[in-house]
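Single-structure report; data block below.
Below, all heavy atoms of this structure are taken into account, side chains as well, without hydrogens, waters or symmetry copies. So you know, we letter chains A, B, ... as the sequences are listed, proteins then strands, and number each from 1.
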Amino acid sequence: MRKLALPDEVLLSVEKPERYIGNEVNMVRKNPADVDIRFVMCFPDVYEIGMSHLGIQILYDMFNRRDDVYCERVYSPWKDLDKVMREKKIPLFAIESQDPIKEFDFLGITLQYEMCYTNVLQILDLSGIPLMAKERTEDDPIVFGGGPCSYNPEPLADFFDVFYMGEGEKQYYRIFDIYKEHKKSGGTRKEFLEKVAEVPGMYVPMFYDVSYNEDGTIKEFKKNNEHAKDKIVKQLVVDMGNPDENAEFNYYPRKPLVPFIKATQDRVVLEIQRGCIRGCRFCQAGMVYRPVRERNIEFLKKLAYDMLHSTGHEEISLSSLSSSDFSHLEEIVNYLIDEFHGKGVNISLPSLRIDAFSLDVMSKVQDIRKSSLTFAPEAGSQRMRNVINKGLTEEVILKGASEAFHGGWNRVKLYFMLGLPTETIEDMEGIAELAEKVAEVYYEIPKDQRNGKVQVTASSSFFIPKPFTPFQWTRMCTKEEFLGKAKIVNAKMKMMLNKKSIKYNWHEADVSELEGLLARGDRKVCKTVLRAYELGALYDAWGDSFDNDIWEKAIEETGIDMDFYITRERSYDEILPWDFIDIGVTKKFLMREYENAKQEKVTPNCRMNCSGCGAMTFGGGVCFEAKN
Amino acid sequence: MKLRIKFAKRGYMKFVGHLDTMRYFQKAIRRADIDIAYSEGFNPHQLMSFAAPLGVGMTSEGEYMDIVVKSATSSEAIKKSLNETMVEGMEIISVVKLPDDSKNAMSIVAAADYSIKYREGYEPDIDIKSKFDEFLSQESIIITKKTKKSEKEVDIRPSIYEAKYADGIFELKLASASGEYLKPDLVFQAFNNYCGITDGKCTELKLALLINRVEVYAKNDNGFIPLEGLGGSF
Ligand code: SF4
């Protein structure tokens, strides 16, 4: 057996020691002495969350297919262990070999949400790696960042050696080859980073300088190293629909890891497509993963079979931003039901549009009385939905609800956003009115055919403008404004006829404001993140750990003007901190979309009509579907 | 067809709790293509039950679970296919077929054997052998059991069926029925009391004791028999 990094005394004194022992089903075992490159992949949150992430499972499998690489994992130690590790000076270790992170060649950190940024610093700190990239030496691993938040890497620019823009399948092998060469020839860390900077999609922050205007906006973003590129182009797997499982870049694990502890995703995850055709104007994923690329149906069927068999999971879930848009949805769903449902496998179908097909499928695979229906109208009025380009109409929602109620469902969840650009009181009150209408649809059913009372839960989160969306220039509300809006909705709810059947809840406003700062921040925000960490901020994504006072203090001490980042409407000619990244979708398209939003003009989805967003330059996906 | 599976849980698998061990086996059975029977209903679950939960921190050479299968080739085949999918530290020791009318393992557990030693550096500073013999020679051993509501005095001596200490290892056979269940660390709490030890590392029982469950027994007219003895290979 491997020797564990933590002694029994420690493991028996912390919550859920299974988080730290590894040995999971399908864990990859290699002798570190037999490989050239040791990579440790990190999800900077607690194990159960991190283990649920598909991207890491894909890269873990891909990296470990190479005999010269051993890819391991690390997650944030929970608060109890964090304390013990600091007290006893135990260095952070990788789960597989239990060796200190500091001994690795690479540390790759995925950035899935802004509120994990202090956990990134915790990982570096507990590993004994200098927090500032500039202070690292030849003894430290090269620290890579990736994932959706790296589309604005600037608030973390000081802490990373490299940000990888785009899909990991594309360039990591090349980076490994460069590293092996480099190690052989004995070059310095800086020389290696220069070589990496030449690989498409790689951003080495220390090779760029930023200067600012007096008003705080960016004056110039300029490279200071000739190996660096002016524009960093997002990397993307173009030929995702290849049926050949050995085709280049067509990586997908046949044997995903199965944790002992119940992970958030305790199931096989089948990614049916990447990207989204819809173009909702608030959604970053919908823009940065363009164009939509579907996987091959036969490839998926085989994958489903292999993964269910190798994991023993009793559930399989389809993963994509909008499953209903997948061309072979019926075929894959029917296949899963026919093949596996009788064998005790549950089938879960998140992000499905509610219609006759999905209701039929759901009635086959779930217990109607125990499940609830989810709609995400995102806004309460049709006007507002046109502004955000959410093509879901009231008619469609009410029709879906009615069909569902006739089918026996009696619980509905509605998701909304508050604080969207151009929002009026009528738009806010529309949330209550829509919830009411849904409840009324239920009570139109004759009493003897109803399944008890209806329960409508409306939830609203606060809108946070994100980089690379048409709303990247827009002003965001303050927390006071947010709470005021929630009050308006709440008051209106109280006036509804069926108020007893409707529940309304809203998101914390403190966290939203911070998320807004980190989402659109520039390099000046690095010191705020660092200060907050020094003051004790950690696990900010966890409601009970988040301490707003700490952040307020950090913001004040580092001289950050929240209005500048939050409530300021940017002008089109301002240099935005993330402008040096090229996601394919052009700035011109985003501007046009922002103008369309202001005029309440809907833009058709990619399958109805191409709007010329720019993503066609990648040469694949939905952009070429009709033309083939 | 009812099968009884005996398995070992070794090394760091002791950190995997009872519920997670059950989940682990549910998935292992699917990976091994065992033709297990499922309950009826919308969310069918495997017909599987465990004999006795094992606390976090304890290892075992004698864990049991019962499963119902629709078909099975042989004891050896099932054992082999399960062992091929076990993680390090988990091993299937035997698979036996039970008579159709047999009761499930949990309801018939009567006693368990434990092999226990002190973790290095946690031993009490006494002559363990002679003290332990004295301790056992008492007619009754009274300890206070604390429950949420009350404290009550119980005599645990009758629940210690066998006990001996040699070469640094305690071997105990303790009552393990649902009505009469003696946790092994309670014996050591009583032993500490008897020796007048109130502080020091050996009182941190969770850490001080390395406990390995060796076997679990049912009881019939002939005395205690290992749970696997109630069925036979096929
Ligand atoms: S180029 Fe056209 S089809 Fe392709 S992603 Fe953009 S809008 Fe959609």
Legend entry - Distance-only side-chain donor-acceptor flag, Glu72(A) / Ser97(A), under 3.5 Å: yes
Inset, instruction - Apply side-chain contact (heavy atoms from CB on, under 4.5 Å) to Thr311(A) and Lys27(B), showing your working. - result: CA-CA 7 Å; Thr311(A) 58; Lys27(B) 294 182 200 282; over 6 Å; no
Legend entry - Closest-packed option against chain B by number of heavy-atom pairs under 4.5 Å, given Asp266(A), Val345(A), Leu308(A): Asp266(A)
Legend entry - pair Lys453(A)-Asn410(A): side-chain heavy atoms closer than 4.5 Å: no
Legend entry - Neighbours of chain A found in residues 2-26 of chain B - heavy atoms under 4.5 Å: Arg10(B), Gly11(B), Tyr12(B), Met13(B), Lys14(B), Phe15(B), Val16(B), Gly17(B), Asp20(B), Arg23(B), Tyr24(B), Gln26(B)
Legend entry - Heavy-atom contacts under 4.5 Å, residues 59-93 of chain B to chain A: Val87(B), Glu88(B), Gly89(B)
Inset, instruction - Between chain B and each of Ile261(A), Ile21(A), Asn346(A), count heavy-atom pairs under 4.5 Å; write down the option with the most. - result: Ile261(A)
Inset, instruction - Using the salt bridge (Lys or Arg N to Asp or Glu O under 4.0 Å) rule, collect all pairs that involve residues 94-103 of chain B, keeping only residues at least two apart or in two chains. - result: none
Legend entry - Greatest number of heavy atom pairs closer than 4.5 Å to chain B - which of Val25(A), Asn23(A), Leu11(A), Leu12(A): Asn23(A)
Legend entry - Donor on one side chain, acceptor on other, Ser94(B) and Glu228(B), under 3.5 Å: yes
Legend entry - Pick from Gln46(B), Glu204(B), Arg119(B) with the largest number of heavy-atom pairs that fall under 4.5 Å of chain A: Arg119(B)
Inset, instruction - Report the C-alpha separation of Leu210(B) and Tyr118(B) in whole Å, then their side-chain angles, then the decisive distance to 0.1 Å, and conclude whether the side-chain contact (heavy atoms from CB on, under 4.5 Å) test is met. - result: CA-CA 6 Å; Leu210(B) 293 167; Tyr118(B) 282 106; over 6 Å; no
Inset, instruction - Would you verify whether the NZ or CZ of Arg38(A) falls within 45 degrees of the ring axis of Tyr70(A) while also being under 6.0 Å from that six-membered ring's centre? - result: no
Inset, instruction - Examine distances only and state if a side-chain atom of Ser76(A) and a backbone atom of Asp45(A) form a donor-acceptor pair shorter than 3.5 Å. - result: yes
Legend entry - Under 4.5 Å from a heavy atom of chain B, the part of Arg29(A) involved: side chain
Inset, instruction - State whether the side chain of Gln57(A) and the backbone N or O of Leu257(A) hold a donor-acceptor pair below 3.5 Å, judged by distance alone. - result: yes
Legend entry - Charged tip of Lys129(B) within 45° of Tyr165(B) ring normal and under 6.0 Å: no
Inset, instruction - Without swapping roles, check the side chain of Glu87(A) against the backbone of Met85(A) for a donor-acceptor pair under 3.5 Å. - result: no
Do any side-chain atoms of residues 188-202 of chain B form donor-acceptor pairs under 3.5 angstrom with protein atoms, and if so which ones, sequence neighbours left out?
residue	atom	partner	partner atom	Å
Asn192(B)	ND2	Cys202(B)	O	3.3
Tyr194(B)	OH	Glu134(B)	OE1	3.1

